[in-house]
Structure formats: structure tokens, C-alpha cells
Amino acid sequence: MPLSVSQRLVSPLQEWYLSHHRSLPWRDTQDPYKIWVSEIILQQTRVNQGLEYYKRFITYFPSIKELAEAPEDKVLLLWQGLGYYSRARNLHRAAQLVMEQYEGVFPKTFEAIRALPGIGEYTAGAIASFAYNLSHPAVDGNVLRVMSRITACALPIDSNMGKKELSQAVVSLLKSAHPAIFNQALIELGALVCTPKKPQCSQCPIAEHCALAGTPEVERYPYKEKQITIRHRYLNYIVLSSSSGYYINKRGDNDIWRGLYEFPLLETEQATDPKDLAQLWQEKFATSWTEIPSAPLFEMEHKLSHQLLHIKVYRAVQSADTPLGNPFQLVSQGQLSDYAFPVPLAQFIKKHRE
Ligand code: ADE
């Protein structure tokens, strides 16, 4: 079943765009060449940085002819810093094709534009609609986010099904829209109001037509299939000093930091009070502390690809000299640097070297 979306949002969104959009040089023109160049640059970078590249590129190559006739080295030089040089090469090659096949006149149908090297579905839709006002959707990441929120679409936007349904919803809206304005308006709404984090629903011109505006769920959209869930872990390290040094142990094979060294660890499900840590310590190691630390010596959050580690390091003193047995070993302060510690613990050691 197609996603449900109200045609009544078209007009307020277009009006909002006309009075609120950022003035950008590729918006003051209907020249398909300039629009094309801007779209390829904006695939590489944000608007602020893209502006300088765009101006430079258009100054050197004001039309397709100059670009087609330029040496490739010059084109690549102007692209320097943007990365993905294949995009610049495709731009160059496509300009030469337009010279050869269309006598330098940019093609005027979606299909012919789409057939040029380096021009995908989105870019072809953007050029066809912005330059010629053709009724084709231009669905980039901004538009997927906006549309997924308006329709509360639970299909992941990184799936073919999700992209297809959301594009079809845009196609249905285009029936009563001015394509050039409407497509730009969706992009602009995504950039200025319906932002990934903290969308400003109270400023949104189409909030009343949006399924999620002003709700706590709005930030959870769009869904992504390959969304990574971050696991929070609370690692409380206890640096037990004794006259002969510090206890450390080698980490096992089945977790992060395989084979690296660490101090005795109490991992908890959530942030834990030091008094409770003393209790946990007793249960785990059957020894106790004379002094319960009130605050950690060192604290940091450490990000791994799928985990956020909340690390606290405490210093404690054992009540009796019952040594910790296996797998712990005692090393002197000076020897600590002979062992490989995970980055956060190495930072702690460096900071607290006496
Ligand atoms: N991002 C992609 N296309 C854009 C455009 N035409 N204006 C602003 N941001 C964009």
C-alpha cells in the first residue's frame, strides 16, 4: 500500500521555500550545466565548503565547452581537496560527450541526462526538475529523512523497498507541485528545519501534515537497516597499590582489547557508586578495602565502533595483605611501561605517573 501523504502540504512548503531559502548561486540560474556542477560538488561536501569550489570551477569553466576542452589535469586540480576524483573525471567526460553528441547543448530529457557518465537517479532528477521544471523526484538523504518523518515510514531508507516507497510518495506530491520549487524545498527543509538531530518542528511549515512532528519519536526516523546499536559498557578499574606495585592482568580472547593488560576490573550494567563497587569487589575477589574511594581518579568515555565505554579508574587500598592470585601479577610502577594497555588506561598511566 502506498504511504499516506497529504497533497495539502505542497503549497505551504513551496511558499516557505520562496521566503526562507538560502541564496545560493546555483539557485539563481536555470543553466543545467551549473546545476549539474553544483550537484556533483554537493555530493562531496557541505554547502559552505562547496560554495568556494563551485565558484572556482565556474570561473575557470563557465560553460560545457570550456570544461570539455580543458586538460584533465586542470579539472583534477580544481577538484583537489574534494576527493573522489572519479566524479571530476566523469564530469569532464560527460562534458565532452555533450559536445560530441548534442553539439554542446545539454540534453533536455530525464533519460538522456541520466545516461551521461556519473549522473545517477538523484542527480538526473535534480537537473531535470531544477533546470527544466520536469516532474521527476530528486530524492537525496535529506529528502528521505523528511519524507520518512512525514509519513512515519518504518521501512529502512537504506533498503530498496524504503527508497522506492518514499520516492513514490514524492512522485505523488509532484502532481500538484511546481517541480523545481518543490524538490528544492524538500532539500532545504531537510537542511534547515527537519535536521537529523533536534529537528525544529515548531518552525516547520508543514508540521500539521507530518505524522511525527513534535513527538519524541521524530528523531528516531529515518530507520536504517544497517543501523548500528551502540552498546554502553561501564568499566570500573581498581588500581590497588601495594608496597611492591600494582596488580594487572592480561585480557582474554573473547572481548575487546584482546591480549592487552589492565587493572582489576569491575564491569557493571550501569554507573555504580563506589560503595557498591566495594561490595562487588568483595564478592568477586574475596578481599576487602580499608578505604573506599569517594571519587574516581580518572574518568573518560571511549568510543569504539559499536560500543561506548564509560571508564572510571579508582585507587583503593586493601585491608589485609591478601594478595590477589591468578590471573593477576604485581608489577612496579616503572615496569608498567613494559606492558601494552588499552588507549584509555595508557592515558591514565601517563597522566598519573608520579
Ligand atoms: N544538497 C544537494 N543539492 C542541494 C541544493 N541544490 N541546494 C542545497 N543543498 C543541496
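We count ligands from 1, going down the list as the structure has it; atoms in each ligand are counted the same way. In this chain, residues are counted from 1 in sequence order. The structure presented is a predicted model; accordingly, all values stated were derived computationally and were not measured.
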[atom]: which protein heavy atom is closest, and how many Å away?
{"atom": "atom 5 (C) of ligand 1", "result": "Trp26 NE1, 3.6 Å"}
{"atom": "atom 4 (C) of ligand 1", "result": "Leu42 CD1, 3.5 Å"}
{"atom": "atom 9 (N) of ligand 1", "result": "Val47 CG2, 3.7 Å"}
{"atom": "atom 6 (N) of ligand 1", "result": "Glu39 OE2, 3.0 Å"}
{"atom": "atom 8 (C) of ligand 1", "result": "Arg27 NH2, 3.3 Å"}

Taking atom types as modelled, find out whether [X] and [Y] have a side-chain donor-acceptor pair closer than 3.5 angstrom.
{"X": "Arg87", "Y": "Asn90", "result": "no"}
{"X": "Glu66", "Y": "Ser63", "result": "yes"}
{"X": "Thr151", "Y": "Glu165", "result": "no"}

Check the angle between the aromatic planes of [X] and [Y] and answer parallel, tilted or perpendicular using the 30° and 60° thresholds.
{"X": "Phe348", "Y": "Phe263", "value": "perpendicular"}
{"X": "Tyr261", "Y": "Tyr339", "value": "perpendicular"}
{"X": "Trp16", "Y": "His20", "value": "parallel"}

- ligand 1 contacted by Gln43 (non-hydrogen, < 4.0 Å):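 No, that is not the case, since the closest heavy atom of the residue is not under 4.0 Å from the ligand.
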- Message: Could you work out, with side-chain hydrogen bond (donor to acceptor under 3.5 Å, both in side chains) as the rule, every residue matching Lys55, not counting sequence neighbours?
- Response: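 side-chain hydrogen bond (donor to acceptor under 3.5 Å, both in side chains) list for Lys55, sorted by chain: empty.
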- Task: State whether the shortest distance between N or O atoms of Asp140 and N or O atoms of ligand 1 falls below 3.5 angstrom.
- Result: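 It does not: no N or O of Asp140 is found under 3.5 Å from an N or O of ligand 1.
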- Query: Under 4.0 Å from ligand 1, counting heavy atoms only, is it the side chain of Ile35, its backbone, both or neither?
  - Reply: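 Answer for Ile35: neither.
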- Atom indices of ligand 1, in the order listed, that fall short of 4.0 Å to a heavy atom of Tyr122: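 Per the distance check, 2 (C), 3 (N).
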